[in-house]
Every structure is written in structure tokens, then in C-alpha cells.
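Naming: A, B, ... by sequence-line order, numbering from 1 per chain.
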Number of protein chains: 2
Amino acid sequence: MSAAPKYSSSTENYLKAIFHLQKNDGVVTTNDVANELQTRPASVTDMLKKLKAQKLLLYEKYKGFKLSNEGKKVALQIIRKHRLWEFFLVEKLNFGWDEVHEIAEELEHISSKKLIDRLDEFLGFPKQDPHGDPIPDSNGKFTVPKQVDLLNLPVNKIAEVSSIGDQSPEMLELLGHKGIALGTRVEVKKKFAFDNSLELKFKNQSIVTISEHVAKNVYVKYDE
Amino acid sequence: MSAAPKYSSSTENYLKAIFHLQKNDGVVTTNDVANELQTRPASVTDMLKKLKAQKLLLYEKYKGFKLSNEGKKVALQIIRKHRLWEFFLVEKLNFGWDEVHEIAEELEHISSKKLIDRLDEFLGFPKQDPHGDPIPDSNGKFTVPKQVDLLNLPVNKIAEVSSIGDQSPEMLELLGHKGIALGTRVEVKKKFAFDNSLELKFKNQSIVTISEHVAKNVYVKYDE
DNA sequence: AATTAATTTTAGATTTGTCTAAATTAAAAT
DNA sequence: ATTTTAATTTAGACAAATCTAAAATTAATT
């Protein structure tokens with residue numbers, strides 16, 4: 001068991017940015033990272049070399065790069081810290097979900113592992129942050145999102161629309177009108193036994209009603 | 001009302017160190033600061049010039065220096081943050097009083113004022129940190145310590161020995177034996193009505209008993 | 001396939017905070 | 001009142017992270 005090396009805030013920010021970017025299409029470019037971190041491509045190249053030297057990144061110049069296993073591990077710990085602090089700010093200090101990101105960007109760089117594990121315990125080992133994103137556990141693992149249709153989504157669980165069953169123009173028109181699209185974050189607030197219709201709540205606090213027929217055709221993923 | 005300038009962690013550490021050092025004898029030297037911050041006198045001189053340029057310090061080379069009002073104000077906000085976080089770590093996350101300092105050294109540099117005011121509220125506006133030091137309020141003011149003899153110190157209040165009434169060799173021998181000296185932190189855990197004797201607890205958890213006669217002659221200060 | 005365009009990398013400079021070694025000033029001791 | 005000692009400051013260098021401008025490489029287009 002070797003002592004955990006401490007990385008600079010800048011290093012941590014690069015790891016986090018690359019981690020997020022390579023989740024999407026799998027491929028990340030120098031320009032992507034520069035854009036994400038509000039910096040210049042030349043600065044990114046400089047840092048890529050440093051990350052490679054620290055064995056956090058696999059990198060061949062002009063040929064692309066991706067995080068090493070160690071790099072991913074570190075990135076996941078930063079993400080864990082970010083999301084736990086966001087949860088703390090919303091649940092304990094009564095911040096709004098939209099004002100916590102910036103503060104968590106600072107808090108995520110506090111290094112004590114003991115602190116973050118105690119905080120996790122204090123918060124009751126939450127599985128999702130206030131935006132519905134999964135919180136990695138102490139080992140960097142997070143719950144594999146569960147896929148269900150909206151009828152089977154438990155009440156008050158934030159979920160993300162992942163696919164649509166019936167893709168007819170009529171259905172898409174209805175979904176478009178209600179504000180439901182792939183990636184939309186929704187929560188079921190009420191289920192009416194009478195006709196199995198549902199009331200959904202969005203992140204912007206607005207509420208819409210959908211029928212059982214629609215609900216059956218909207219698949220979402222969420223973390224238990 | 002101008003926007004609060006943000007200072008680097010290093011700048012904040014210098015302000016805090018100088019603040020603490022000038023509390024003692026009033027005079028701070030370059031060497032004192034270098035020693036306190038585990039750095040070199042030349043580095044201190046470099047920073048003194050920067051602090052002066054930012055109007056945080058009054059400084060004439062070779063002639064000494066002290067914090068400006070603005071410098072004091074900033075230092076007090078750092079100290080406020082440090083002590084509130086320490087309180088949080090001990091009270092909410094069950095850390096021991098002896099393991100929180102290092103973590104608070106990092107947390108004190110988180111910049112959000114709203115965060116710290118919310119934290120203060122969440123903690124119930126505590127007046128003392130786990131070491132018994134006063135926590136400055138949102139405006140940088142802290143309660144003027146109240147002076148009383150040990151007989152009149154409320155139970156469970158951490159206080160600091162500030163002066164001794166009877167300074168006879170016999171008294172000083174007794175106090176030396178019990179482990180009571182100027183600056184010692186004590187807490188009254190029990191008062192016996194029978195003979196007005198007291199049980200005192202020290203920071204190292206040990207407990208001693210003293211008589212009414214002794215208690216009357218030991219003056220302490222504490223924050224209400 | 002050759003040329004143009006876009007991306008990526010290098011070269012050299014800048015800022016912040018630090019350092020060592022040498023020079024300066026102030027304080028202490030003879 | 002000198003001289004010696006200690007404290008402080010300057011000069012010049014360095015590491016980290018950034019920048020601009022120019023060069024190198026890859027991708028796209030004709």
C-alpha cells in the first residue's frame with residue numbers, strides 16, 4: 001500500500017474533463033479539452049505530456065490520447081468528491097441545485113480521503129447528486145443505471161430519458177410538446193391509479209401529465 | 001460595494017500567519033514569518049512587497065511591517081472559515097479535535113462567502129471552535145473574552161487561564177503540579193456544592209480536582 | 001495526387017511563488 | 001566608536017501552468 005500521490009488542482013481538472021469527454025463518443029481531441037477547460041490547445045498539449053509522464057494518460061503525439069486505468073481512478077475520485085459536496089450543499093445547507101456547481105468545483109480538490117468518506121457516511125451514502133448523476137463509491141464504482149419504462153420508475157427518483165419505444169411522428173410530436181427528449185431529466189411525482197396516468201416533474205420545476213400509453217413507451221435509466 | 005477581490009492561498013496563509021504573530025508581542029519579524037510558514041526569509045520579503053502593493057500590509061523595508069485594516073479584515077475571514085470548518089468536522093463528522101487542523105488548512109481557502117454563512121447557520125452560530133478559540137462572526141468581530149475566576153466559570157465552557165491572583169511559591173507549586181499555567185485550556189466538568197471544589201478537564205482529557213481556595217485565585221477568559 | 005485547411009505541437013515568453021547565494025542594513029558586543 | 005553578528009533584502013534562477021506565434025502533422029478538398 002503506497003501513499004496516495006497528491007495531484008495539483010489543474011491536473012485534477014484535466015483528468016475530470018477528459019473523463020467526461022471520452023464518455024460521449026469515446027474519442028477526445030486536444031481542441032475538445034481546450035474548449036471544455038476554457039484554455040488554449042497549446043496549454044493542453046503541455047499538460048498531456050505531464051499527464052503521460054505521471055502515467056495518468058496514454059498518449060502518442062498527433063495520434064490521440066485516453067486516460068490510463070490510474071487516470072480513470074483518479075478522475076472518479078474527483079467526481080465522487082464533487083457530487084458528494086453538491087449533495088451536502090443542497091441537502092444540508094439549503095442551496096438550490098443550480099447554484100452548487102461552482103462551489104463544488106473548489107471543494108472537489110480538498111485532498112483528505114477520510115474527510116470524504118466521513119462526509120459520505122454523514123449524508124447517508126447517497127447514490128445520486130442533486131442533478132441525478134450517480135455518485136461513485138469509495139472504490140470508484142457506481143451503480144449501473146437501471147432501465148425501465150416510466151410506468152415502472154419509482155416515485156421521486158430522478159431519471160434520464162434513454163430511449164423511446166414508439167417512434168411514430170404522432171408520438172414524437174406529443175413528446176416534443178411536453179418537453180421530453182433523449183437525455184431529459186424527469187421525476188415521477190404522482191401516479192393516478194384510476195387511469196395509470198402520471199405527473200412528471202422536470203429540473204426547471206414545471207409539471208406535465210402523460211397517459212399510461214405514453215409512459216409505456218418512454219424508457220429511462222436511473223441509479224438505485 | 002465593490003466585488004470582493006480573491007486572494008491566492010499563499011497570500012491568505014501569509015495574512016493569517018502575520019495576524020497570529022502580531023497578536024503575541026505586537027511585533028513580527030521576517031524570520032518569525034519564515035519560521036511559521038516553513039519557508040525562507042527571502043521568500044517572505046518577496047511576499048511582503050506583494051502584500052504592500054495590494055494594500056494589505058504597511059511595510060517599510062528594514063523597518064518592520066504590520067497588517068493594514070484591510071489585511072486584518074481578510075485574515076479574520078480566513079480564521080472564521082478555518083474555525084467553522086473545524087467545528088463542522090468535530091461536531092458533524094465525528095473527527096477528533098486533534099486531527100482537524102490539517103484539513104481545515106485546506107478548507108479555509110474555499111472562497112464562497114455564502115457557503116460559509118450557510119455553514120455557520122447550519123452549525124447554530126457556534127462561538128468557539130473545538131480548541132476553545134473564538135469564531136469571528138460574518139463581520140469579522142468576535143466576542144470579547146469574559147474574565148472570571150474558576151468558581152464562576154460556567155460548566156462545560158472551554159476557557160484559557162489568563163492570570164493568577166495569589167502568586168505565592170506555595171500556590172505556584174500546587175498549580176505546577178496540577179498542570180495549570182498561563183494559557184492552559186481548561187473546562188469545569190463538575191462543581192461540588194459540599195465544599196465548592198471543582199473537577200477540571202484539560203485538552204488531553206485528564207481530570208484534576210482543585211479546592212475553592214485555589215479556584216478563587218485562578219482567572220480565566222472565555223467567549224460567551 | 002496535390003493543394004488547402006484544420007489540428008496539433010514546438011519554441012519562447014510570462015506570472016506566481018519559491019529558492020540559494022551574495023549584498024545590505026541594523027543590532028549587539030567589545 | 002568600531003567591529004562583529006544577526007536580520008533583511010536583492011539578484012538571479014527555477015518549476016508549474018499558462019500564453020502567442022510559428023512550425024509540423026494530419027485530414028479534407030479539389
Side-chain angles (χ1 to χ4, degrees), chain A residues 5-18 21-22 24-67 71 74-75 78 105-106 108-109 111, chain B residues 5-19 21-22 24-67 71 74-75 78 105-106 108-111:
Chain A
K6 222 203 128 175
Y7 300 106
S8 72
S9 288
S10 186
T11 295
E12 294 187 345
N13 286 335
Y14 273 91
L15 293 175
K16 193 170 54 122
I18 297 169
L21 290 168
Q22 72 182 24
N24 302 340
D25 40 5
V27 174
V28 202
T29 69
T30 305
N31 273 342
D32 287 343
V33 178
N35 191 56
E36 176 83 6
L37 293 179
Q38 301 276 65
T39 182
R40 299 287 159 176
S43 309
V44 174
T45 301
D46 288 343
M47 185 57 94
L48 294 181
K49 286 190 278 192
K50 288 174 200 162
L51 294 176
K52 185 187 179 182
Q54 291 174 285
K55 297 189 188 305
L56 297 168
L57 194 74
L58 307 172
Y59 169 54
E60 296 295 331
K61 65 168 151 169
Y62 290 115
K63 292 185 162 185
F65 53 89
K66 61 177 184 178
L67 293 180
V74 176
I78 315 296
E105 285 289 299
E106 285 188 61
E108 72 189 6
H109 300 296
S111 61
Chain B
K6 220 201 132 177
Y7 300 106
S8 72
S9 289
S10 187
T11 295
E12 293 187 346
N13 286 335
Y14 273 91
L15 293 175
K16 192 170 56 123
I18 297 169
F19 184 91
L21 290 168
Q22 70 182 25
N24 303 340
D25 40 5
V27 174
V28 202
T29 69
T30 304
N31 274 343
D32 287 343
V33 177
N35 190 57
E36 177 83 5
L37 293 178
Q38 301 277 65
T39 184
R40 301 285 158 178
S43 309
V44 174
T45 302
D46 287 343
M47 185 57 93
L48 295 181
K49 286 190 277 191
K50 289 173 198 161
L51 294 176
K52 184 187 180 183
Q54 291 174 286
K55 298 192 188 301
L56 297 168
L57 194 73
L58 307 173
Y59 169 54
E60 296 296 330
K61 66 166 148 170
Y62 290 115
K63 292 188 161 183
F65 52 89
K66 62 178 185 178
L67 293 179
V74 176
I78 316 296
E105 286 288 299
E106 286 189 61
E108 73 188 5
H109 300 296
I110 304 294
S111 62

For a quick check of understanding: with a heavy-atom distance under 4.0 Å over all strands, which category does [X] fall into, base, sugar-phosphate or nothing?
X: A:T45; value: base
X: A:K63; value: nothing
X: A:Y59; value: sugar-phosphate

Is the shortest side-chain N/O distance from [X] to OP1 or OP2 of [N] below 4.0 Å?
X: A:K61; N: C:dT10; value: yes
X: A:T39; N: D:dA17; value: no
X: B:S8; N: C:dG17; value: yes
X: A:T29; N: C:dT7; value: no
X: A:S10; N: D:dA16; value: no

Quick check for you: among [options], whose closest atom lies nearest to any side-chain atom of [X]?
X: A:N31; options: C:dT8, D:dT18, D:dA21; answer: C:dT8
X: B:Y62; options: C:dT9, D:dT9, D:dC19; answer: D:dT9
X: A:S43; options: D:dT8, C:dT9, D:dT18; answer: D:dT18
X: A:L48; options: C:dT9, D:dT18, D:dT9; answer: C:dT9
X: B:T30; options: C:dT10, D:dT9, C:dC19; answer: D:dT9

How many Å lie between [atom1] on [X] and [atom2] on [N], as a whole number?
X: B:Y14; N: C:dT16; atom1: OH; atom2: C1'; result: 12 Å
X: B:Y7; N: C:dT16; atom1: OH; atom2: P; result: 14 Å
X: A:K50; N: C:dT9; atom1: NZ; atom2: P; result: 14 Å
X: B:D46; N: C:dC19; atom1: CG; atom2: P; result: 10 Å
X: A:M47; N: C:dT8; atom1: CE; atom2: C1'; result: 17 Å
X: A:R40; N: D:dT18; atom1: CZ; atom2: P; result: 13 Å
X: B:K49; N: C:dT18; atom1: NZ; atom2: P; result: 14 Å
X: A:N13; N: D:dT18; atom1: CG; atom2: C1'; result: 14 Å

> Would you call A:K16-A:E105 a salt bridge at under 4.0 Å N-O?
Replying inline: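 Result for this pair is yes, salt bridge flagged.
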
> Among B:V27, B:V28, B:L58, B:L51, which residue meets the side-chain contact (heavy atoms from CB on, under 4.5 Å) test with B:F65?
Replying inline: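 The side-chain contact (heavy atoms from CB on, under 4.5 Å) with B:F65 is passed solely by B:V28 among B:V27, B:V28, B:L58, B:L51.
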
>> Here's a test for you: under side-chain contact (heavy atoms from CB on, under 4.5 Å), which of B:N13, B:T45, B:L21 qualifies with B:V33?
In response: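 For B:V33, the side-chain contact (heavy atoms from CB on, under 4.5 Å) check succeeds only for B:L21.
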
> Nearest 0.5 Å, what's the CD1-OH distance between A:I78 and A:Y7?
Replying inline: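 So the gap between those two atoms works out to 10.0 Å.
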
> Between CG of B:N35 and OG1 of B:T29, what distance do you get to the nearest 0.5 Å?
Replying inline: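 It is 9.0 Å, given to the nearest 0.5 Å.
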
> What is the minimum heavy-atom distance between B:P41 and B:A34, and which atoms define it?
Replying inline: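 Closest pair (atom of B:P41, atom of B:A34, distance): N-CB, 3.7 Å.
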
